[in-house]
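Step one of this worksheet: look at the structure below.
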Amino acid sequence: MSGTCAAIFGCLGPQLLPQERAFFRDCDPFGFILFARNVETPAQLRALTHDLREAVGRDAPILIDQEGGRVQRLRAPHWREWDPPLETVARASDPVRAMWVRSRLIAHELRGVGIDSNCAPCADIAGAGTHPFLKNRCYGETASRVTQISRAVADGHLAGGVLPVMKHLPGHGRATADTHHDLPTVDASAEDLTLSDFAPFRALRDLPMAMTAHIIFSAYDSLPATQSPAMIRVIREVIGFDGLLMTDDLNMQALQGTLAQRTAASMAAGCDIALHCKGAMDEMLAVAGACGDQTPKIKARAIAALGQRKTPDPVDIEALEAEFRVLMSGSGHG
C-alpha cells in the first residue's frame with residue numbers, strides 16, 4: 001500500500017504531536033521525511049518512526065538526508081560522523097568499493113532506527129562553478145566517475161534494505177546559486193546537457209525514486225525543472241526515468257508563489273509526489289489540498305518503488321567497518 005495523498009511530509013519535533021497524528025491519519029501521505037529537529041537518541045527515533053507508521057496504519061517509507069559531511073541528520077555521539085562524499089572519493093584507495101561500504105554502513109544505521117529511504121545518491125557532476133552548498137556532496141567531475149560511484153551508493157543502500165532517492169534530476173552541478181535561496185539558470189546547450197549532466201541519471205534510470213532540481217535549463221524552458229512540463233518530459237523520455245519522481249523541498253526560495261501554487265504547478269508539470277519538509281501544519285494543509293490524491297499512474301509507480309524495499313542482506317558490520325578503515329588509509333586518488 002502506498003497511501004492516498006501524493007505527498008511526503010515532515011513533523012515538527014522529536015515526538016509526534018496529537019494534531020500531526022490526526023492529520024496524517026486523515027491525509028494518508030505516501031511517506032515522511034525526518035530532519036535534525038526530529039532526532040535525539042536511537043530509542044526516541046525508533047519511537048517516532050513507529051508512531052509515524054502507526055498514524056497511517058501501514059509500513060510507510062520514512063526518508064532522511066544522510067549523505068555525509070554537512071548533510072547528515074544523524075550525528076555523533078549516537079551515530080557515525082562521515083566526511084563529505086567528495087573527500088571520501090578523493091582519499092579512498094578504491095573509491096567505488098569505499099562508497100559502497102560506506103553506504104551499506106549508513107543503511108545499517110538507518111534501518112536500526114526505522115528509516116528505510118535515504119536521499120542519495122547525489123548524481124550531480126561537480127565542476128569549477130558548482131555552488132559550494134553542493135560541490136563536496138558530489139562524487140566527481142566526470143559523468144563516468146559520478147555514474148560509477150552513484151551506482152555503488154545506490155547498491156549499498158539497497159543491500160541494506162534502504163531505498164535510494166537519486167537527486168537532483170536532471171542535474172544540479174552547473175548551478176552557481178544555492179536553490180535554498182535563489183533560482184539558478186543553466187545556459188548549457190541541450191547537446192552538452194545530454195552528453196554530460198543527464199548521463200549519470202540515464203545510467204541509473206532503473207532506481208526506484210528520484211528528486212527534481214529547482215533550476216531553469218534555458219535550452220528547454222524558462223521554468224524551474226520541478227515546475228516545467230518540458231523538463232519532466234526530458235526526465236521521462238530523454239533520461240528515461242520511469243520511477244517515482246518527487247519534488248525537491250517546496251519551501252526552497254528558488255520557487256515563487258504560495259505553497260499551494262508551488263505544489264499545483266509541480267504536480268501539473270508531471271511530478272508524482274510533493275515534498276514538504278518543514279512540518280508546519282498550516283503549510284502541510286495547503287500542500288495536501290493542492291497535490292491531491294495519487295493518480296492510478298502515481299500509485300503504480302509508488303507501489304513499484306516500495307517493491308524494491310527488502311530485508312537487508314546479512315552482513316558483518318564490524319568487518320565492513322574494518323574494511324572501510326583500510327580503504328581510507330590508502331594512497332588515495334586525488
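Treat the numbers as computed from the prediction; the structure is a model and nothing was measured.
Not a single donor-acceptor pair under 3.5 Å links the side chain of E67 to the backbone N or O of P84. Without hydrogens or angle criteria, S228 side chain to M231 main chain gives a donor-acceptor distance under 3.5 Å.
Residue E318 qualifies as open at atom CD: its count of foreign heavy atoms under 6.0 Å is 12 or below. Shown here is Q256, whose CD atom has no more than 12 heavy atoms of other residues, nucleotides or ligands within 6.0 Å.
Put simply, CD1 on I125 and OG on S196 are 5.0 Å apart, with the number rounded to the nearest 0.5 Å. To the nearest 0.5 Å, atoms CG (D248) and NE2 (H214) are separated by 4.5 Å. How far CD of E87 is from CE of M328: 9.0 Å, rounded to the nearest 0.5 Å.
For N38, there are no side-chain hydrogen bond (donor to acceptor under 3.5 Å, both in side chains) partners two or more places apart in sequence or in a different chain. With sequence neighbours left out, F201 forms a ring-ring contact (aromatic ring centres under 6.0 Å, His included) with no residue at all. Considering only residues two or more places apart in sequence or on other chains, H157 meets the ring-ring contact (aromatic ring centres under 6.0 Å, His included) condition with none of them.
Note on V71 and I62: separate hydrophobic clusters, where clusters join Ile, Leu, Val, Met, Phe, Trp and Tyr whose side-chain heavy atoms are under 4.5 Å apart, directly or indirectly. In the hydrophobic clustering of this structure, L34 groups with F23; members are Ile, Leu, Val, Met, Phe, Trp, Tyr whose side-chain heavy atoms approach within less than 4.5 Å, directly or through other members. Cluster membership for V186 and I232, using ILVMFWY side-chain heavy atoms within less than 4.5 angstrom, is shared. Cluster annotation: L306 and I115 are assigned to distinct hydrophobic clusters (Ile/Leu/Val/Met/Phe/Trp/Tyr, side-chain heavy-atom contacts under 4.5 Å, transitive).
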Inset, instruction - Could you walk me through whether R104 and D313 pass salt bridge (Lys or Arg N to Asp or Glu O under 4.0 Å), step by step? - result: CA-CA 10 Å; R104 183 64 185 82; D313 294 338; 6.0 Å; no
Inset, instruction - List the steps and the verdict of salt bridge (Lys or Arg N to Asp or Glu O under 4.0 Å) for D59 and R53. - result: CA-CA 6 Å; D59 189 16; R53 291 191 173 105; 3.0 Å; yes
Inset, instruction - Let me see the working for D65 and K167 under salt bridge (Lys or Arg N to Asp or Glu O under 4.0 Å), right down to the final yes or no. - result: CA-CA 11 Å; D65 293 287; K167 59 190 184 187; 3.1 Å; yes
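Evaluation of the ring pair (Phe, Tyr, Trp, His ring centres under 6.0 Å) test over residues 216-264, restricted to residues two or more places apart or in two chains, returns none. Within the structure, ring pair (Phe, Tyr, Trp, His ring centres under 6.0 Å) pairs that include any residue of residues 33-86 comprise W82-F324 (at least two apart or interchain). Within the structure, the salt bridge (Lys or Arg N to Asp or Glu O under 4.0 Å) test picks out the following pairs touching residues 279-300 (sequence neighbours left out): K278-E283.
Scanning all heavy atoms of the two residues, the minimum distance from Q227 to S266 falls at CG-OG, 3.5 Å. Closest approach of R58 and D28 over heavy atoms only: NH2-OD1, 2.8 Å. Nearest heavy-atom pair across C27 and C5 is O-CB, 3.3 Å. The shortest non-hydrogen separation linking L74 to V113 is CD1-CG2, 4.3 Å.
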